[in-house]
Protein chains: 2
Amino acid sequence: MPVRTAAQRRREAKLAYDAFMAECPSRQLLDTLSDKWVTLVLVALAHGPLRHAELARQIAGVSQKMLTQTLRALERDGMLTRSVTPTVPVRVDYELTPLGADLQREVRAIKAWAERYMPRVLAARRSYDARRS
Amino acid sequence: MPVRTAAQRRREAKLAYDAFMAECPSRQLLDTLSDKWVTLVLVALAHGPLRHAELARQIAGVSQKMLTQTLRALERDGMLTRSVTPTVPVRVDYELTPLGADLQREVRAIKAWAERYMPRVLAARRSYDARRS
DNA sequence: CTGCATCCTGACCGATACTG
DNA sequence: CAGTATCGGTCAGGATGCAG
């Protein structure tokens with residue numbers, strides 16, 4: 001009987017992997033970017049500050065909870081600023097920081113790629129599906 | 001009593017939203033890219049074809065199931081080719097298509113951004129956490 | 001070696017209700 | 001209007017075993 005079971009070894013490998021992950025900058029960014037709403041918020045704020053409700057309207061399909069969560073995370077990462085105007089009722093504006101604006105430009109590059117090549121991808125998909133039906 | 005409840009209206013909105021999504025090329029790409037493993041596979045294959053097991057080794061932390069799933073999806077989208085050599089045991093190689101290689105370059109841009117700016121993001125994160133502790 | 005089917009857990013997310 | 005807390009359902013994805 002081995003000192004460690006296969007499962008244990010795997011778990012240890014996973015821990016080492018996580019530690020490695022925690023240090024790798026590109027994977028950290030990938031993690032945040034892989035959040036569905038992050039990119040949409042970035043793009044929505046491209047043309048100036050917006051209020052919470054305005055964002056919710058522009059990003060169809062987002063729940064209020066997810067929107068708040070996403071905004072908090074982006075604020076924490078220094079991608080946007082959150083400014084509260086203490087009127088009644090309160091007014092809260094969100095605006096991209098220079099850093100956020102910069103990332104937003106990168107995201108737009110991906111978007112441009114998509115608009116250019118997605119037809120090809122869709123064609124590939126169709127032919128793949130046809131081949132196995 | 002309204003003809004439709006709030007919940008119903010929300011559900012209809014969601015359906016309309018989904019239909020919209022299904023047509024928007026950039027969001028479709030975002031969807032596939034938001035899959036954690038997709039980008040890693042693309043980058044791993046940047047320097048030439050690899051076998052299933054080699055990929056699994058290079059992408060630490062991926063389960064065999066997820067790897068296969070990801071490879072299938074990418075094959076379907078025309079991003080890579082899967083070639084089987086009928087030896088015993090079988091040998092399967094995965095290689096980027098020109099399309100996949102092109103997308104891979106875009107992904108690298110994001111990666112470069114991360115390596116450049118993540119320190120700033122981490123700093124922002126620390127100061128945010130400090131401010132509220 | 002590669003791939004598929006099954007089971008199962010836990011993370012995520014939406015719905016709802018309540019506060020300032 | 002903006003935000004928080006809680007509950008519950010869903011589903012992605014990991015573990016495992018088997019087949020070609």
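Remember, it's a predicted structure, so these values are computed and weren't measured experimentally. Numbered from 1 within each chain, the chains take letters A, B, ... in sequence-line order.
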Euclidean distance, atom CZ of residue B/Arg91 to atom C1' of C/dT2 [Å, nearest integer]: 13 Å

From C/dT2, D/dA2, D/dG13, pick the nucleotide closest to the side chain of A/Val92? D/dA2

B/Ile59 atom CD1 is separated from D/dG14 atom P, nearest whole Å, by 13 Å

Per B/Lys65 side chain, nearest of listed nucleotides C/dC13, D/dT4, D/dG13: D/dG13

Can you say whether a donor on the side chain of A/Gln64 sits under 3.5 Å from an acceptor on the base of D/dG3, or the other way round? yes

Here the distance between atom C1' of D/dA2 and atom CD of A/Glu75, to the nearest Å, is 13 Å

Determine the contact category for A/Arg51: base if any of its heavy atoms lies under 4.0 Å from a base atom, sugar-phosphate if only primed atoms, P, OP1 or OP2 are that close, otherwise nothing. sugar-phosphate

Closest heavy-atom pair and its distance - B/Ser26, A/Ala114: CA-CB, 3.5 Å

If you assign B/Ala53 and A/Ser63 each to the DNA chain C nucleotide with the nearest heavy atom, which residue ends up on the more 5' nucleotide? B/Ala53

Rounded to the nearest 0.5 angstrom, the CE-OG1 distance for A/Met79 and A/Thr97 is 7.0 Å

Do B/Arg126 and B/Asp129 meet the salt-bridge criterion of a basic N to acidic O distance under 4.0 Å? no

Please state how far atom CG in A/Asp31 lies from atom P in D/dA12, giving the value in whole angstrom units. 18 Å

A/Leu67 CG to D/dC1 P, straight-line distance once rounded to whole Å: 14 Å

Whole-Å distance between D/dA2 C1' and A/Asp93 CG? 12 Å

Interatomic distance, B/Leu71 CG vs C/dT2 C1' [rounded to whole Å]: 11 Å

In whole angstroms, the gap separating C1' of C/dC4 from CE of B/Met66 amounts to 13 Å

Can you find a side chain N or O atom of A/Tyr94 that sits less than 4.0 Å from OP1 or OP2 on D/dC1? no

Of A/Asp35 and A/Val90, the one whose closest nucleotide on DNA chain C sits nearer the 5' end is A/Asp35

Distance test, side-chain N/O of A/Arg82 to OP1/OP2 of D/dG3, below 4.0 Å: yes

Rounding to 0.5 Å, atoms OG1 (A/Thr85) and CZ (A/Arg51) come to a distance of 8.0 Å

Any luck finding a side-chain donor-acceptor pair between B/Arg72 and B/Thr68 under 3.5 Å? no

Of the nucleotides D/dA2, C/dG3, D/dG14, which one has an atom closest to the side chain of A/His52? D/dA2

